[in-house]
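Just so it is clear, the model here is predicted, and its values are computed rather than measured. Computation of the quantities below employed the complete heavy-atom set of this structure, encompassing side-chain atoms and omitting hydrogens, waters and symmetry-equivalent molecules.
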Amino acid sequence: MKKIFALILGMGLFLTACGTTDGADPDMGMTDPDEDNEELTSEDEDGVADGDQATDINDGPDESGEDPDKPQDRDGEEGAGVTDQDAEWDDDVNDMKREAEGGLRHGVVDFELEIDFQNDQGEWQFDYEVKQDGKKAKVEIDQDQETDREGRLAVEEIEAMIENIKPKPDLSKKKAFQRVYNHLELMEEEVLEIELDIDFDDGDTLEVSHHYS
């Protein structure tokens with residue numbers, strides 16, 4: 001009787017143990033190590049991908065056209081105004097030099113020309129002078145009606161005449177007057193008297209005059 005009771009008790013315990021194992025939740029407690037490795041690998045790949053994407057965002061120039069990874073040189077932008085001022089100053093200095101050099105047309109520092117016409121038809125007078133403070137000139141045309149010109153207009157007019165006369169201390173009177181007439185588009189027969197006085201920067205002079213009978 002005792003052996004039968006022990007046998008029944010043992011079978012009951014065995015069945016109870018088997019029922020507990022079969023009903024257990026496979027997800028409770030133990031996990032598959034391979035699944036954990038796959039999840040970690042996926043997260044690592046996502047992290048690398050995100051990191052690559054972040055790197056790509058910072059690579060190359062931004063919308064402003066500037067590369068954030070490249071040191072920016074701002075000195076040129078800050079000094080642009082100073083550079084422009086220097087350029088303007090250089091231009092002004094060059095203009096002054098050109099004006100000073102242009103003032104000595106064929107070395108002339110003083111020019112006086114006076115022409116009297118036949119039959120009291122009038123008188124023309126041209127005065128031109130180069131000084132340290134600039135050039136001064138005056139043109140007086142007393143013929144039919146009086147016309148005077150001064151300043152830059154007169155300077156340019158007389159300088160053009162000097163260029164055509166090409167004066168020099170040993171220029172002959174005949175050539176000097178002929179060049180004057182050609183420039184002013186005059187006929188020698190129209191002139192009663194002409195006088196030309198020129199001073200050069202080296203101290204030489206050209207003084208010629210003629211009275212037509």
Side-chain angles (χ1 to χ4, degrees), residues 74-213:
R74 302 297 182 184
D75 293 340
E77 298 178 4
E78 295 176 355
V82 176
T83 302
D84 292 341
Q85 292 178 357
D86 291 341
E88 292 178 0
W89 173 258
D90 290 340
D91 290 340
D92 292 340
V93 171
N94 291 332
D95 290 341
M96 293 173 64
K97 288 181 179 178
R98 283 193 293 268
E99 183 175 353
E101 293 172 357
L104 297 181
R105 302 297 176 90
H106 297 276
V108 174
V109 295
D110 191 89
F111 179 98
E112 294 181 10
L113 173 66
E114 185 175 345
I115 301 174
D116 292 331
F117 292 90
Q118 297 278 0
N119 304 318
D120 296 327
Q121 292 300 311
E123 177 183 2
W124 291 3
Q125 187 169 344
F126 302 83
D127 295 310
Y128 172 88
E129 187 176 13
V130 178
K131 293 185 176 182
Q132 292 182 348
D133 59 347
K135 295 173 277 190
K136 297 180 180 180
K138 184 176 183 179
V139 177
E140 297 180 68
I141 305 297
D142 183 9
Q143 194 173 39
D144 295 334
Q145 60 181 6
E146 186 173 345
T147 304
D148 295 341
R149 292 186 288 276
E150 296 185 67
R152 177 169 292 276
L153 184 62
V155 167
E156 293 176 351
E157 183 175 343
I158 296 177
E159 285 183 342
M161 186 188 310
I162 293 173
E163 288 293 337
N164 286 333
I165 296 174
K166 296 179 175 59
K168 53 184 180 179
D170 59 351
L171 183 64
S172 67
K173 178 172 69 173
K174 182 177 180 180
K175 286 185 177 181
F177 291 156
Q178 190 59 51
R179 291 173 183 177
V180 169
Y181 298 149
N182 290 341
H183 177 77
L184 296 175
E185 299 180 351
L186 295 175
M187 299 293 294
E188 185 176 298
E189 293 77 11
E190 300 178 82
V191 178
L192 174 64
E193 186 175 2
I194 182 171
E195 182 177 351
L196 177 63
D197 295 332
I198 298 177
D199 293 337
F200 299 91
D201 60 333
D202 59 1
D204 286 333
T205 61
L206 173 65
E207 298 180 0
V208 289
S209 61
H210 188 75
H211 183 85
Y212 297 93
S213 56

Output side-chain donor-acceptor pairs under 3.5 Å for residues 106-113, partner residues at least two apart or in another chain, one line each.
from, atom 1, to, atom 2, distance (Å)
His106, NE2, Glu163, OE1, 3.4

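Tested against Leu192, the residues His210, Glu123, Gln121, His211 include a single side chain to side chain contact (heavy atoms under 4.5 Å, CB included) partner, His211.
Remark: the backbone N or O of Ile141 is not paired with any side-chain donor or acceptor of Gln143 at under 3.5 angstrom. Asp202 places a side-chain N or O within 3.5 Å of a backbone atom of Asp204 that can act as its donor or acceptor partner.
Proximity of Gln118 to Glu190: side-chain heavy atoms (C-beta onward) are nowhere separated by under 4.5 Å. Using a 4.5 Å heavy-atom threshold, the side chains of Phe126 and Val180 count as separate. At least one side-chain heavy atom of Ile115 sits less than 4.5 Å from a side-chain heavy atom of Leu184. With a 4.5 Å cut-off on side-chain heavy atoms, Val191 and Phe177 do not count as touching. Inter-residue side-chain proximity for Lys136 and Asp127 is flagged as unmet; no heavy-atom pair is nearer than 4.5 Å. In this structure the side chain of Lys166 reaches within 4.5 angstrom of the side chain of Arg179, judged on heavy atoms. The side-chain heavy atoms of Val139 and Ile158, taken from C-beta on, include a pair separated by under 4.5 Å.
Considering every non-hydrogen atom in both Glu193 and Tyr212, the closest pair reads N-CD1, 4.5 Å. Between Pro167 and Leu206, the shortest heavy-atom distance links the atoms CB-CD2, 4.4 Å. Shown here for Tyr181 and Ile194, the closest heavy-atom pair between the two residues is OH-CG2, 3.6 Å. Annotation for Asp148 and Glu146: closest pair OD2-OE2, 3.5 Å, computed over non-hydrogen atoms. Scanning both residues, Lys173 and Ser209, for their nearest heavy atoms gives CD-O, 3.3 Å.
Here Lys168 contributes atom NZ and Ile165 contributes atom CD1; the two are 14.0 Å apart, rounded to the nearest 0.5 Å.
Classified by interplanar angle (parallel below 30°, tilted 30° to 60°, perpendicular above 60°), the ring pair Phe117/Trp124 is perpendicular.
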